[in-house]
Structures are given as C-alpha cells and as structure tokens.
J.: 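Here you go, one structure.
Chain naming here is simple, since letters A, B, ... match the order of the sequence lines and numbering starts at 1 in each. Not measured: the values here are computed from a predicted model.
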There are 2 protein chains.
Amino acid sequence: MPEHEVNATAAALLGLLDGGPATGYALVGAAQEFLGDFWTVTRSQVYRELAAMADRGLVTAGAAGPRDRRPYEVTSLGRAAFDAWLHSDLGPEVVRVPLLLRLAFADRLDGERLAELVADQRAVHAERLRCYRELETAAVAGGTTDRQLLTLRFGIRYETGVLEWLDEVEAVR
Amino acid sequence: MPEHEVNATAAALLGLLDGGPATGYALVGAAQEFLGDFWTVTRSQVYRELAAMADRGLVTAGAAGPRDRRPYEVTSLGRAAFDAWLHSDLGPEVVRVPLLLRLAFADRLDGERLAELVADQRAVHAERLRCYRELETAAVAGGTTDRQLLTLRFGIRYETGVLEWLDEVEAVR
DNA sequence: TGGAGCATGTAATGAGTTACATGATTGG
DNA sequence: CCAATCATGTAACTCATTACATGCTCCA
C-alpha cells in the first residue's frame, strides 16, 4: 500500500492540473480564480508543493522555458493521489477571527476605540459582501452552474452573518 | 520608537498574564477557556512565545519548580507591548473551509459519496452548535456579562449559517 | 533603446501541528 | 509500592507569509 497522501493544497494543484499542464504561476492564478478566498494559495506554496510532488513522482516537470518557466503535468500516480484525497476524510475547519481575540480584551479598550474598531470591521465585511454579490449576479448572468456558485453563496452567508453579529456587538458596547 | 510588536498569540498571552503570573501549562488552559475555538493556541506555541518574549524582556521567568515548571510574569515593557497590540490594526481574517475545497472538485465525486460528505459535515456542525448553545445557557444562568458572550454568539451564528448553507448544498446536489 | 512596470521564481522567516519524553500522582 | 494515568515541557516537522531577486515586454 503506497503512502501517497497529499495535503489539501497539493491536492488542489493536482485537481487543477487535471485540466492540462500548467506552470506554477498559472496555477496560482487558476487557484485564486477557481477556489477564491476560502482556500488561498501563495506562489511560494505552489512552487514548494510542485517540487515536492515532482520528487514523489506525482507530477513531472516539462522543459524549462524562459526564466525557468516550466509546465508541470500530472502523472497517473498523481491522479491516484488526487483521487485518494478526494475520498479521504475532511480535516477540521479552522476559523480564526482576529476581532474576537481583540474583543476578548475589550475591557482594556476605551469605548471610542472600540467603536472605531467595529466600524472598521463593518466596512471591511460590507465591502466583501458587496463584492461577492456582484460576482454572484455576474455568474448567474453568465450561466454558471449552481455547483460553482456554492462558494459564493457560502461567502455571502458568512459575511451577512458577520455583519449581523457586528450589530449585536455594537448593541452590547 | 521601540519596535515592540508582538503577534496575536503572544499578545493573547500577555493579556492573560495581566491577571497574574502563570506557567505555560496554565496559560494553555486559560487560553482555551477564555478564547475558545476562535483563537486556539497549542502548548508548543505557548512555550515558544514565552521563551521569545522572555528574550525580549516582555516577560520574566520565575524560579523553576518541579519539572522546570516556572511561572512567567509580565514586565512593564510587556504591558506596553500588549497595549500597542491592543491599539494596532487587525490582521485579515482567514476562513479556510476544507469542505469548500472539496466541493470545488465535486464533479469528480459520485453522488453517493457527496451525500455522505454533506451528512458528515452536518453532524459535525450540528454538534458544535448544540455545544455552543449549551454553553450559552449555562453562561447566562451563571450571570456572565454580555461582552463575554460575544464569542459564543459568533459561534452560534456561524454554525447556524453553515447548517443552512449545507441545506443549499444538498438542494443543488 | 532604455527604463518602468509586470511576470515569475526563490529564499528567509514565522507560525502552527504532531509526536515524543519524562516527571508527578494516585487508586488498588 | 507498583502500574496506570495525568501533567508538563520539548523537539521535529509541515505549512504559510513576507520579502526579495531578476528576467521580460512594451511604450515613450
């Protein structure tokens, strides 16, 4: 039984590579596009994972173009690893909310600063919500499948919830 | 202008230490109790941060008891660092949802496995919600301040939202 | 044609998790 | 007083972020 486990980020890359070979840089863009804010990947991560996966034979690097720009291609081993991941148990979900940490020590903040803090957060989340809503209508108009909209719907729900909670926070003061 | 910035985890420890000296192990417990699931800290983190802060003079280590068990105490420098953190800008909030990543590749999953996945998640989040609700009623009965309830309220909102979203997911299939 | 700005990759650092080691405690 | 269990700390590892380096492109 081969130990071909991959972490979630690597798996995401394998999934994206299933659509055809791509370079690291392209994968960063594809991930951002396809996975959005709920599973971010940075360039450094991508290159690290690609290199590691190449070592393990899950992908193969093509010939280097200009600046070491080389396309990676998924191997059958890689496809197997992706499939295994796809059927593996989900890891626990972590939600780290800086504002909650701050509020835990709210008694050490004067009321004015606290109000300012809440107002800032409200602006941030309202903007995100607006952005998601916009993307949603664009997607619906563009004929996206419901399945692809799920991410956006999650985002909308989440941001709405945060905003409502902020109301509560303000009510308590 | 001294560069006494601390990260959020270190700041949390400073905040907790403000209540009096404590050992690493005690701080782990206090953090879990006081910050809950929305800012987790592990033992390793705590000891690392304490050591680093001692190096920087933000805390001082007391005499070692049994197994190197030593209480840490916050210094005035540490108090200043905490205060600076308290008034600093909030970092961005990250929400990484493994289920969303999985669903992004849902077209590679057969319907049965997908349904199972969703059912599992539903169970997990329902249980968490139940747990938060229980804590909430206990807290209210125990006369906790509204402020301290905010974390719990966030949790309740969040879990409720996730469960509703799971309904949507199921509807799409 | 040169330099401003973008594309692409890498290195250094920081944060978080898992696995481990071992000293205390306590019920039988 | 021995074994099981809990308490406490440490080390090794994986993952993520920030800062950096440098090659390309394209327009003035």
Side-chain angles (χ1 to χ4, degrees), chain A residues 3-13 21-33 35 37-56 59 61-72 85 89-98 101, chain B residues 3-13 21-33 35 37-56 59 61-72 85 89-98 101:
Chain A
E3 265 292 340
H4 286 318
E5 288 184 21
V6 293
N7 65 29
T9 300
L13 295 177
T23 68
Y25 194 84
L27 285 169
V28 173
Q32 170 61 30
E33 167 82 16
L35 307 174
D37 291 341
F38 297 103
W39 203 273
T40 59
V41 299
T42 66
R43 280 208 293 290
S44 293
Q45 279 178 86
V46 168
Y47 293 117
R48 187 186 357 112
E49 294 301 338
L50 284 174
M53 288 197 293
D55 279 351
R56 298 170 57 192
V59 298
R67 148 199 353 199
D68 257 9
R69 193 166 185 278
R70 60 182 74 238
Y72 283 84
W85 171 79
D89 282 344
L90 285 177
E93 144 184 340
V94 297
V95 184
R96 288 195 129 196
V97 187
L101 179 58
Chain B
E3 265 293 337
H4 286 317
E5 288 185 20
V6 293
N7 65 28
T9 300
L13 296 178
T23 67
Y25 193 85
L27 285 169
V28 173
Q32 169 61 31
E33 166 81 17
L35 306 173
D37 291 340
F38 297 102
W39 204 275
T40 58
V41 300
T42 65
R43 279 207 295 290
S44 293
Q45 278 179 87
V46 168
Y47 292 118
R48 182 165 17 99
E49 293 301 338
L50 284 175
M53 290 198 292
D55 280 351
R56 298 171 56 192
V59 297
R67 150 198 356 196
D68 257 8
R69 194 166 184 281
R70 62 182 73 238
Y72 283 84
W85 171 80
D89 282 344
L90 285 177
E93 143 185 340
V94 298
V95 185
R96 288 196 128 195
V97 187
L101 179 59

J.: How close or far is atom C1' of D/dC24 from atom CZ of A/Arg69, stated in whole angstroms?
T.: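 It works out to 11 Å between those atoms.
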J.: Using whole Å, what does the distance between atom C1' of nucleotide D/dA7 and atom OH of B/Tyr25 come to?
T.: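 Distance check: B/Tyr25 OH to D/dA7 C1' gives 5 Å.
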J.: If you measure from CG on B/Asp37 to CD on A/Glu93, what distance do you get to the nearest 0.5 Å?
T.: 11.0 Å
J.: Please confirm whether the backbone N or O of B/Gly24 pairs with a side-chain atom of B/Arg43, one donor and one acceptor, at under 3.5 Å?
T.: no
J.: Between A/Arg43 and B/Ala26, which has a closest nucleotide on DNA chain D that is more 5'?
T.: B/Ala26
J.: Given D/dT10, is OP1 or OP2 found less than 4.0 Å from the side-chain N or O atoms of B/Tyr47?
T.: no
J.: Rounded to whole angstrom units, what separation is found between the CD atom of A/Gln45 and the P atom of C/dT13?
T.: 19 Å
J.: Answer with base, sugar-phosphate or nothing: what part of the nucleic acid does B/Ser44 contact at a heavy-atom distance below 4.0 Å?
T.: base
J.: Distance check needed: C/dA15 P versus A/Leu101 CG, whole Å only.
T.: 14 Å
J.: To the nearest angstrom, how far is A/Arg48 atom CZ from D/dT17 atom P?
T.: 10 Å
J.: Under 3.5 Å, side chain of B/Tyr47 to main-chain N/O of B/Tyr25, donor-acceptor pair present?
T.: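 Yes; judged by distance alone, with no hydrogens or angles, the pair exists.
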J.: Closer than 3.5 angstrom, by distance alone: can the side chain of B/Arg96 be matched with the main-chain N or O of A/Trp39 as a donor-acceptor pair?
T.: no
J.: Roughly how many Å is it from CZ in A/Arg96 to C1' in D/dC15, rounded to a whole number?
T.: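 After rounding, the gap between these two atoms is 13 Å.
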J.: At less than 4.0 Å, is any side-chain N or O atom of B/Asn7 found next to OP1 or OP2 of C/dG14? Yes or no.
T.: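 Checking B/Asn7 against C/dG14: no side-chain N or O falls below 4.0 Å of OP1 or OP2.
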J.: Rounded to whole angstrom units, what separation is found between the CD atom of A/Glu5 and the P atom of C/dT18?
T.: 13 Å
J.: Under 4.0 Å between a side-chain N/O of A/Thr9 and OP1 or OP2 of D/dA16, yes or no?
T.: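 For D/dA16, OP1 or OP2 has a side-chain N or O of A/Thr9 closer than 4.0 Å.
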J.: Please report the distance, rounded to the nearest Å, between CG in B/Leu13 and P in C/dG16.
T.: 11 Å
